[in-house]
Amino acid sequence: MVFFIPRLSSKNPIRERFAALSRSGGFSPADLEKIVDSYNTKFGLDKSLPEQYAVYMGSILRGDLGYSLAYYPKRVGEMITDSLPYSLPLYTFAVAASFILGNLLGALSAWPKTPRWLKSLAVPLTILKGVHPVVLGIVLVNVIAFQMKLLPITGTFTSGATPNWSLPFILDVAKHLILPATSLILASAGGWALGMRGMGVTIQGEDYVNFAEHKGLKPWTIFGNYYVRNAMLPSVTALALDIGAIVTSGLLVEGLYGIQGLGSLLQGAIVTNDFPVIYGIVIFIIGGVALAMLLTDLLYPLLDPRIRMDRQ
């Protein structure tokens with residue numbers, strides 16, 4: 001599906017690119033067809049779709065994502081690597097913050113000893129669960145960035161800055177990522193809060209919780225070691241799948257804020273019908289989600305001793 005769906009478009013990315021160059025006076029329009037045919041042969045676009053698919057699968061198995069058609073001679077892997085420093089911190093922080101915030105507020109809202117004002121904090125997140133991150137992003141841009149002028153409206157970093165690994169530049173990028181991350185967190189934390197609250201209500205009557213209370217343990221010790229640790233197990237299982245959902249939403253949010261990450265790269269590839277870049281980004285995301293699911297399986301025994309391997 002990843003291979004064939006982009007090819008349903010009637011646009012030829014090579015023809016589109018060189019036609020634009022021809023209109024700008026880069027070369028004679030009479031030579032356009034010869035140049036397009038030459039590049040079609042170079043990239044294998046003159047072959048049948050089954051042949052192209054066989055070549056594509058062979059390249060993927062070798063770990064070769066190929067060259068970008070719209071930005072040749074740039075390689076797809078290089079373009080993805082250049083975008084990761086902006087996308088990876090955004091997705092990592094959004095996933096971790098929404099998971100921690102949502103589960104904590106969900107557990108507190110179900111814990112009988114929680115003050116009423118603290119329980120009410122989970123209500124806004126639950127309401128925002130049904131709002132798409134892009135819609136939240138538009139609201140945040142309008143209120144916080146445009147009207148209050150507290151944060152940048154758009155962009156990955158301040159205009160005119162040169163990308164580097166210095167602390168001032170990193171802080172500048174972090175400031176530009178606050179609103180996108182907030183959009184993703186507000187849209188996903190409510191789901192964690194709902195799930196955690198449901199599990200928390202179920203666990204309240206369990207024998208080990210009652211036993212801990214009868215032993216005279218401190219309420220917050222019971223809350224952390226007996227209540228939250230057991231109630232969050234289903235949430236940990238769903239964490240890897242939620243990573244895929246947040247990344248998918250994050251690709252759209254990046255485009256809204258003009259961040260030079262995977263989202264903007266993917267949107268540009270779709271507009272120009274740049275097949276290799278589309279394939280490379282989708283495969284990278286699939287591999288990332290699969291790796292996250294593997295790490296989650298490895299982490300699970302640390303949280304639940306009941307499923308550890310028998311050492312006898």
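Everything quoted here is computed from the prediction, not taken from an experiment.
- Interatomic distance, Asn225 CG to Phe223 CZ, rounded to the nearest 0.5 Å: 11.0 Å.
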Could you go through residues 168-178 and list every donor-acceptor pair under 3.5 Å that involves a side-chain atom there, pairing it with any protein atom two or more places apart or in another chain?
residue: Asp172; atom: OD1; partner: Thr158; partner atom: OG1; Å: 2.8
residue: Asp172; atom: OD2; partner: Thr158; partner atom: N; Å: 2.8
residue: Asp172; atom: OD2; partner: Thr158; partner atom: OG1; Å: 3.1
residue: His176; atom: ND1; partner: Asp172; partner atom: O; Å: 2.8

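- At least one donor-acceptor pair under 3.5 Å links the side chain of Asp274 to the backbone N or O of Leu69.
- Of all the heavy atoms in Gly190 and Lys129, the pair that sits closest is C-CD, 4.0 Å.
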**Derivation and outcome, side-chain hydrogen bond (donor to acceptor under 3.5 Å, both in side chains), residues Tyr257 and Thr156** = CA-CA 8 Å; Tyr257 286 95; Thr156 312; over 6 Å; no
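- Across all non-hydrogen atoms, the minimal contact from Ile246 to Ser188 is CD1-OG, 3.8 Å.
- For Ser120 (side chain) and Trp117 (main-chain N/O), a donor-acceptor pair under 3.5 Å exists by modelled atom type.
- Looking only at atom types and distance, the side chain of Glu78 has no donor-acceptor partner in the side chain of Tyr71 under 3.5 Å away.
- At a threshold of 4.5 Å between non-hydrogen side-chain atoms, the residues Pro163 and Tyr86 count as touching.
- Between Ile243 and Met293 the shortest side-chain heavy-atom distance does not fall below 4.5 Å.
- Considering every non-hydrogen atom in both Tyr91 and Gly263, the closest pair reads OH-N, 4.4 Å.
- In this structure the side chain of Ser68 never reaches within 4.5 angstrom of the side chain of Pro276, judged on heavy atoms.
- In this structure, the side chain of Ser59 does not engage the main chain of Leu65 through any donor-acceptor pair within 3.5 Å.
- Under a 4.5 Å side-chain heavy-atom cut-off, the cluster of Ile, Leu, Val, Met, Phe, Trp and Tyr residues that includes Phe211 has no other member.
- When all heavy atoms of Ala187 and Pro133 are compared, the pair lying nearest together is CB-CG, 3.6 Å.
- Side chains of Ile285 and Leu251 form a contact here, defined as non-hydrogen atoms less than 4.5 Å apart.
- Note that CD of Gln267 is 11.5 Å distant from OG1 of Thr272, once rounded to the nearest 0.5 Å.
- Side-chain heavy atoms closer than 4.5 Å link hydrophobic residues (I, L, V, M, F, W, Y) into clusters, and following such links, even through other members, never connects Val55 to Val2.
- Under the 4.5 Å side-chain criterion, counting only non-hydrogen atoms from C-beta, Leu239 is in contact with Trp192.
- In the hydrophobic cluster analysis, where Ile, Leu, Val, Met, Phe, Trp and Tyr join through side-chain heavy atoms closer than 4.5 angstrom, Trp165 is grouped apart from Phe157.
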**Request:** Take Leu125 and Leu101 through the side chain to side chain contact (heavy atoms under 4.5 Å, CB included) test and state the conclusion after the steps.
**Result:** CA-CA 10 Å; Leu125 290 180; Leu101 178 64; 4.2 Å; yes
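- Under the 4.5 Å side-chain criterion, counting only non-hydrogen atoms from C-beta, Leu184 is in contact with Leu90.
- Proximity of a side-chain donor or acceptor of Asn164 to a complementary backbone N or O of Thr162 within less than 3.5 Å is detected.
- Screening Tyr279, Phe275, Phe4 against Tyr56 for a ring pair (Phe, Tyr, Trp, His ring centres under 6.0 Å) leaves a single residue, Tyr279.
- Thr126 places a side-chain N or O within 3.5 Å of a backbone atom of Ala122 that can act as its donor or acceptor partner.
- To the nearest 0.5 angstrom, Leu262 atom CG is 10.5 Å from Asp82 atom CG.
- To the nearest 0.5 Å, atoms CZ (Arg197) and OG1 (Thr202) are separated by 10.5 Å.
- Using a 4.0 Å cut-off between charged nitrogen and carboxylate oxygen, Asp64 and Arg75 count as a salt-bridge pair.
- Distance alone, capped at 3.5 Å, is enough to place a donor-acceptor pair between the Gln52 side chain and the Lys47 backbone.
- A distance of 8.5 Å separates OG of Ser87 from CG of Leu265, quoted to the nearest 0.5 Å.
- Between Leu104 and Met196 the shortest side-chain heavy-atom distance does not fall below 4.5 Å.
- The closest donor-acceptor contact from the side chain of Ser264 to the backbone of Ile259 lies under 3.5 Å.
- There is no side-chain donor-acceptor pair under 3.5 Å between Ser83 and Gln260.
- Looking at every heavy atom in both residues, Lys119 comes nearest to Pro112 through NZ-O, 4.1 Å.
- Across all their heavy atoms, Ala145 and Leu179 have their closest contact at CB-CD1, 3.9 Å.
- Cluster annotation: Leu295 and Val247 are assigned to distinct hydrophobic clusters (Ile/Leu/Val/Met/Phe/Trp/Tyr, side-chain heavy-atom contacts under 4.5 Å, transitive).
- Clustering ILVMFWY residues whenever any of their side-chain heavy atoms sit less than 4.5 angstrom apart, transitively, puts Val135 in a cluster other than the one holding Ile127.
- Counting heavy atoms from C-beta on, the side chains of Phe99 and Met232 come closer than 4.5 Å.
- A distance of 9.5 Å separates CD in Glu254 from CG in Leu266, rounded to the nearest 0.5 Å.
- Between Ile281 and the choices Ile270, Ile286, Ile80, the side-chain contact (heavy atoms from CB on, under 4.5 Å) rule is met once, by Ile80.
- Under the 3.5 Å distance criterion, the side-chain polar atoms of Thr114 are matched with a main-chain donor or acceptor of Leu108.
- Hydrophobic clustering (side-chain heavy atoms under 4.5 Å, transitive across Ile, Leu, Val, Met, Phe, Trp, Tyr) keeps Leu194 apart from Leu136.
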